[in-house]
Amino acid sequence: MLKNLTSDSSRPALDVVNILAGIALALSPWLLGYAADAVAVWHAFIAGVITVLIAARALVAFHKFEEWANLVVGLWIVAAPWVLGFAGLAAAMWSHVIAGVVVAALAAASLWLANNRPLSAA
């Protein structure tokens, strides 16, 4: 199954999952019940929309800079609860950590595959 990800025709699937992660993050304050914290809500919404826009652009025409941008955004999403001070809200913190890890990992995987690197040495 992973071998199929190395083809150019399957790489958009990674961007689709990033779009879904961005949508989930943008909606998470209302779905997970932390809509009362303005900083967490605004960050979730803005970071989610940015993730969706970058991944959607990558779907239209793949360029490495979009994956680098999503990697940086994903890492920022992971760090944001502590940097912006809402790590005490478990739902907000975990939704950011999970979405950020997904976005960053998929962007890193897409960059790895775009450089024709093997999935294993075996």
Side-chain angles (χ1 to χ4, degrees):
M1 181 171 133
L2 287 177
K3 189 170 184 147
N4 293 335
L5 287 176
T6 59
S7 70
D8 285 338
S9 63
S10 62
R11 192 175 296 120
L14 301 175
D15 294 318
V16 170
V17 175
N18 266 344
I19 289 171
L20 295 174
I23 291 170
L25 181 62
L27 297 177
S28 67
W30 299 278
L31 296 174
L32 299 176
Y34 63 91
D37 188 285
V39 174
V41 170
W42 278 106
H43 185 270
F45 184 75
I46 292 169
V49 168
I50 289 171
T51 300
V52 168
L53 292 175
I54 294 170
R57 179 168 160 75
L59 273 175
V60 173
F62 177 79
H63 298 287
K64 288 183 186 178
F65 74 86
E66 293 141 348
E67 300 306 329
W68 279 108
N70 252 348
L71 179 64
V72 170
V73 169
L75 294 174
W76 165 250
I77 291 169
V78 170
W82 292 274
V83 174
L84 299 177
F86 59 88
L89 297 169
M93 186 266 298
W94 282 111
S95 65
H96 279 75
V97 168
I98 292 168
V101 166
V102 167
V103 170
L106 291 178
S110 185
L111 285 167
W112 182 265
L113 296 173
N115 290 324
N116 295 320
R117 300 241 165 81
L119 292 173
S120 70

Give a yes or no on whether Trp82 atom CH2 has more than 12 heavy-atom contacts from other residues, nucleotides or ligands under 6.0 Å away.
yes
If you take all heavy atoms of Ser95 and Leu25, which pair is closest and at what distance?
O-CD1, 3.9 Å
Note, Glu67 side chain near Asp15 side chain (heavy atom, < 4.5 Å):
yes
How many angstroms lie between CD1 in Ile98 and CE in Met93, if you round to the nearest 0.5 Å?
9.0 Å
Under 3.5 Å, which donor-acceptor pairs do the side chains of residues 38-56 form with other protein atoms, sequence neighbours left out?
residue	atom	partner	partner atom	Å
His43	ND1	His96	NE2	3.0
His43	NE2	Trp76	NE1	2.6
Thr51	OG1	Ala47	O	2.8

Looking at Ser110 and Ala107, would you say the former's side chain and the latter's main chain have a donor-acceptor pair under 3.5 Å?
no
Same apolar cluster (I L V M F W Y, side chains within < 4.5 Å links), Val78/Val83
no
For Ala91, all residues meeting side chain to side chain contact (heavy atoms under 4.5 Å, CB included), sequence neighbours excluded
Leu32, Tyr34
Are Val16 and Leu27 connected into the same hydrophobic cluster when the rule is that any two of I, L, V, M, F, W, Y join if their side-chain heavy atoms are below 4.5 Å apart?
yes
Please answer: with hydrophobic residues joined when any side-chain heavy atoms are less than 4.5 Å apart, are Val73 and Val102 in the same cluster?
no
Got a second to check how far Ile23's CD1 is from Asn18's CG, nearest 0.5 Å?
11.0 Å
Could you grab the distance from atom CD1 of Ile19 to atom CG of Leu106, nearest 0.5 Å is fine?
11.5 Å
Of the non-hydrogen atoms in Ala21 and Val103, which two are nearest, and what is the gap between them?
CB-CG2, 4.0 Å
Side chain to side chain contact (heavy atoms under 4.5 Å, CB included) with Ala24: which residues, sequence neighbours excluded?
none
